[in-house]
Amino acid sequence: MSEPTAESKSEPKQVYDPATIEPKWQRFWVERDVFRTPNPGDADFDAGKPKFYALDMFPYPSAAGLHVGHPEGYTATDIVSRYKRAKGFNVLHPMGWDAFGLPAEQYAIQTNTHPAKTTAANVETFRGQLQRLGFSYDWNREISTADPKYFRWTQWIWKRLYERGLAYESNAPVWWCEALGTVLANDEVINGRSERGDHPCERRPLRQWVLKITEYAERLLNDIDGLDWSESLKTMQREWIGKSEGAEVDFDVIGHADTKIRVFTTRPDTLFGASFMVLAPEHPLVDAITATAQRGAVDGYKKTAASKSELERTDLAKDKSGVWTGAYAQNPLYPEGDERGRIPVWIADYVIVTYGTGAIMAVPAGDERDFEFAQKFDLAIPGIFAPATGDAEADAKVAAGQACCTAEVPYAAHCHTADGSLQLAGLAMAEAKRKTIEWLVARGRGEAKVTYKMRDWLFSRQRYWGEPFPVLHTQDGVELVPDDQLPVELPHMDDFKPGGVPESPLIRAREWVETKDAKGRPAQREINTMPGAAGSSWYFLRFCDPHNEQQFCSKAASDYWLPVDLYVGGTEHAVGHLLYSRFWTKVLHDAGHVGVVEPFHKLYNQGMIQAFAYEDGRGGIVPMKDVKEIGDEAVHATTGESLKRIVTKMSKRYGNVVNPDEVVGEYGADTLRLYEMYMGPLADSKPWNPKDVPGLYRFLQRAWRLAVPEHAENGAIHAHLREDRDGDPALEKALHRTIHKVDGDIGRMAFNTAIAAMMIFVNDATKAIDKLSRGQLLRFAQLLQPFAPHLAEELWARLSGEGLLAYAAWPQVDPAMLVDDEVEIAVQVLGKVRGRVTVATGAAKDEVLAAARAAVAGHLEGKTVVKEIVVPGKLVNFVVR
RNA sequence: GCCGGAGUGGCGGAAUCGGCAGACGCACGGGUUUCAAAAACCCGCGCCGCAAGGCGUGCGGGUUCAAGUCCCGCCUCCGGCACCA
């Protein structure tokens, strides 16, 4: 680099220079604790203000540092936080670290660096990066889930779950990889092979901790209705919970006295059409009922099913498979000896052992899957419906059992029991279901039943870097570590390598594992650790009272701050994290520790920031280092082949990852914040376009020059801004309009259009710069503050605004300033704009029409006006003949 | 397959309740300034057409004085779920 020239040396101060402004204010905000938020009970707490809790999904502090996706949501909540502060709210806007997790442990295995050490270093990086973006977090409330002062309470909450019967041990299958000698998480296994190294993996049962989230299924489902979340997200949660209402029905197995098979069905009304039964291959009764002649086939099928991964078994368009057990079951609706009631029992892998009772009654006439199965294996398909849709051919097919019908149609006349105690013909579906269940209940053959797809939450991992369970195993069973001995900390270990057994590496920390219980008896510590979602299931509570050493969070603090008023994050947590957090909140509520039953009132999902990539003729993506961009065209740097631009995920492989630090280095944090908000609606996915970034920088420069002339000495502001005087009335109007627009846009999270409105104001003000007053510019700085806080605070200071802009009140809108004296009205003839007229606001209809007629006289000539439509203040439409 | 969401200039997007399609930004073109360049500023910029005018919000229909917006039928893309009885 050459020495700076004399010219560039004397340049500085007067040009907008984020590199000096931004660090200055960042230091100021941190050193003076500008964004510290007092809690109820603190000396400087103002109980007169309403509260607002704006929360980001806290990040996992990865070694890669922040990517441009993080600041998108963070900027949105920061804008709302700064806005709400200016509007007179007590704002809780915290940040912390989801610090337990696999990558740190992997890194530890590779480099022998303790996860605590790498995590601490990554946190430093993340905090620094976030502070360089000017977010108004209250850093006094910073928390880390891996901090013993934090996970002490994660353990404490877990104990409360245990005490309430919501935590239990179970033998659940885990992915075990022989070649790697370790247990893998679900997402590390692809098609039954390890992601790393592509080694075969198998499911092995292992003792695990499980949380009984299913006990809360109904409440988790019902309370979705009151949440201010997107419909699509609510739908995802509802479908995940997957409630089904129906009945369980008992079938006797013919020739096996005392053996009943219980099935679950949502269509008890189709019981007359049950022509076979299917058990999951793993169903416990399979062995007992299998006939000798079928034993070989059944065992073979079971073996094949067991070796298939869940993915293979539930594979899409795959053919149905199954084998007959040789047994028959008795349909309870038909008398013994009636051929229609004697149905074969099959096993097939399309029935899942963990759902319902793991057994179904197959009604091919009313269920597509059963129909397909019946056709493939040539099983009876008795018709049970008598549809009258008007399509005679289709109706006849359904009646004859040649087609499957899942819609609500009339039942066939023969759908009745021999003694007439149950008759379905003429009933609506709901009624038929009810009557059938009644009939079954009266005879002890079944009952109404509600089933959920959601399963209990597998709550342990065979890993080192997670929260230890506060649990001891003694000869008498499980014993909890007393509250006053929490936290149970991790032992120090130097070697995290998997030990070749399907257990956590903690098993090798002998001195830690072998301990004594409260009575001095030998005990072993639990070696499973908690999953990543443990700490994140309650962090929003800890933020309310982060330093409390007596409680996880005082009731007073959570009563004041909860629920979270605005929660912003990605859709990837649509079911996992959000469901777990709702579950823990409800449990803590039931235990009397938290007032609310739902933690997150309004939730907003930001879209993904994508990137451009270039595709060659064969549809392969060419890494950016091999792409040469010439104007609008792009070619392969070596072959010269012309390439097609596409939008895709940012990926290291494609070399199209944008590093926020580089953007900050070149244009400053305010430009980055503005650009990310200006790209498009927050909820949409949209591509990062480096060419667009300077546009936002230019906007900030223009805003800067409203105060500081381009060639000023020592950055002195315009002379006419040094004193107070009345601002230009036209600019005053424009300003009020802008405030009004920004107000509304922040309210609906439409930050892109709010910025557009401010751009319009800056353009207007630039054109009339000599008429701009100090008061007007101060108010504009307030408007800009949530979006570009550094520049706004600097402008405020240079214009000698009172106190700190961060504490200043939001500017007022005078409704009178939003109305004009005159409006321009479009004049249409037959719906096409043919002219325009300017009339006084609120002008009489006749007056408007007269002016409009005159404006389009040429188009009306020789025509008859048959209708006149006047939309006040907007348009006039003449319908002519 | 099922359930969501979306499709608007060369690009990102705007149009909040059925009322002037294309705000704002980028790119591009022209100009001012400059020895020159950058920066900055001004003007232009949906498509066809010299113009008058016509066409235009994925495609095809419909409702309406008026449709990007509402209704019916398709197509494409993105996200989620996926044999859940």
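Since we're looking at a predicted model, the values are computed, not measured.
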Report summary line: Answer for the Watson-Crick or wobble partner of B/G9, both distances under 3.5 Å, is none
Query - B/C28 - base-pair partner by Watson-Crick or wobble geometry, distances under 3.5 Å - result: B/G44
Report summary line: Interatomic distance, OG1@A/T214 vs CH2@A/W457, rounded to 0.5 Å, equals 13.0 Å
Requested in this report: For B/G25, take OP1 and OP2 only and decide whether either is under 4.0 Å from a side-chain N or O of A/N689.
Outcome: no
**Report entry** Atom-pair distance (CD1 on A/I755; C1' on B/A14), nearest Å
**Finding:** 14 Å
Report task. Could you state the atom-to-atom distance from OH of A/Y355 to C1' of B/C83 in whole Å? Result -> 12 Å
Query raised in the report: Who does B/A39 pair with, Watson-Crick or G-U, both distances under 3.5 Å?
Result: none
Report task. Return no unless some side-chain N or O of A/R702 is found under 4.0 Å from OP1 or OP2 of B/C41. Result -> yes
Requested in this report: Give a yes/no answer on whether the side chain of A/R698 brings an N or O atom under 4.0 Å of OP1 or OP2 in B/C26.
Outcome: yes
Query raised in the report: Looking for any heavy atom pair under 4.0 Å, which part of the strands does A/P694 touch: base, sugar-phosphate only, or nothing?
Result: nothing
Query raised in the report: Expressed as a whole number of Å, how far does the P atom of B/G4 sit from that of B/C70?
Result: 15 Å
Query raised in the report: Would one find a side-chain N or O of A/Y678 under 4.0 angstrom from OP1 or OP2 of B/G25?
Result: no
Query raised in the report: Do any side-chain nitrogens or oxygens of A/R705 fall under 4.0 Å of OP1 or OP2 in B/C41?
Result: yes
Query raised in the report: Now, which nucleotide makes the Watson-Crick or G-U wobble pair with B/A14, with each of the two distances under 3.5 Å?
Result: none
Query raised in the report: Is a donor-acceptor pair below 3.5 Å formed from side chain A/R836 to base B/C20, judging by atom type as modelled?
Result: yes
Report task. Identify the residue among A/R698, A/Q701, A/R702 that makes a side chain to side chain contact (heavy atoms under 4.5 Å, CB included) with A/Y16. Result -> A/Q701
Query raised in the report: Say you pick atom P in B/C74 and the same atom in B/A82; how far apart are they, in whole Å?
Result: 26 Å
**Report entry** Residue mapping more 5' on RNA chain B - nearest nucleotide basis, A/I825 or A/D745
**Finding:** A/D745
Query - Base orientation of B/C17, syn vs anti, 90° cut from 0 - result: syn
**Report entry** Ring centers of A/Y614, A/Y654 separated by less than 6.0 Å
**Finding:** no
Query raised in the report: B/G25 phosphate, OP1 or OP2: any side-chain N/O from A/N752 under 4.0 angstrom?
Result: no
**Report entry** Spacing of CG belonging to A/L682 relative to CG belonging to A/N752, to within rounding of 0.5 Å
**Finding:** 9.0 Å
Requested in this report: Answer yes or no: side-chain N or O of A/K320 and base N or O of B/C83 forming a donor-acceptor pair under 3.5 Å.
Outcome: yes
**Report entry** A/E72 vs A/K686, salt bridge (Lys or Arg N to Asp or Glu O under 4.0 Å): CA-CA, chis, key distance, verdict
**Finding:** CA-CA 11 Å; A/E72 192 193 12; A/K686 54 238 165 213; 2.7 Å; yes
Query raised in the report: Whole-Å distance between B/C65 C1' and A/E868 CD?
Result: 12 Å
Query raised in the report: Should B/G9 be called syn or anti, with syn set as within 90° of 0?
Result: syn
Requested in this report: Could you tell me the separation between the CD atom of A/Q828 and the P atom of B/A66, rounded to a whole number of Å?
Outcome: 10 Å
Query raised in the report: Hey, would you say the A/Y675 and A/W688 ring centroids sit under 6.0 Å apart?
Result: yes
Query raised in the report: Tell me: CD1 of A/I347 to P of B/A85, nearest whole Å?
Result: 22 Å
Report summary line: B/G79 -> Watson-Crick or G-U wobble partner, both distances under 3.5 Å, gives B/C3
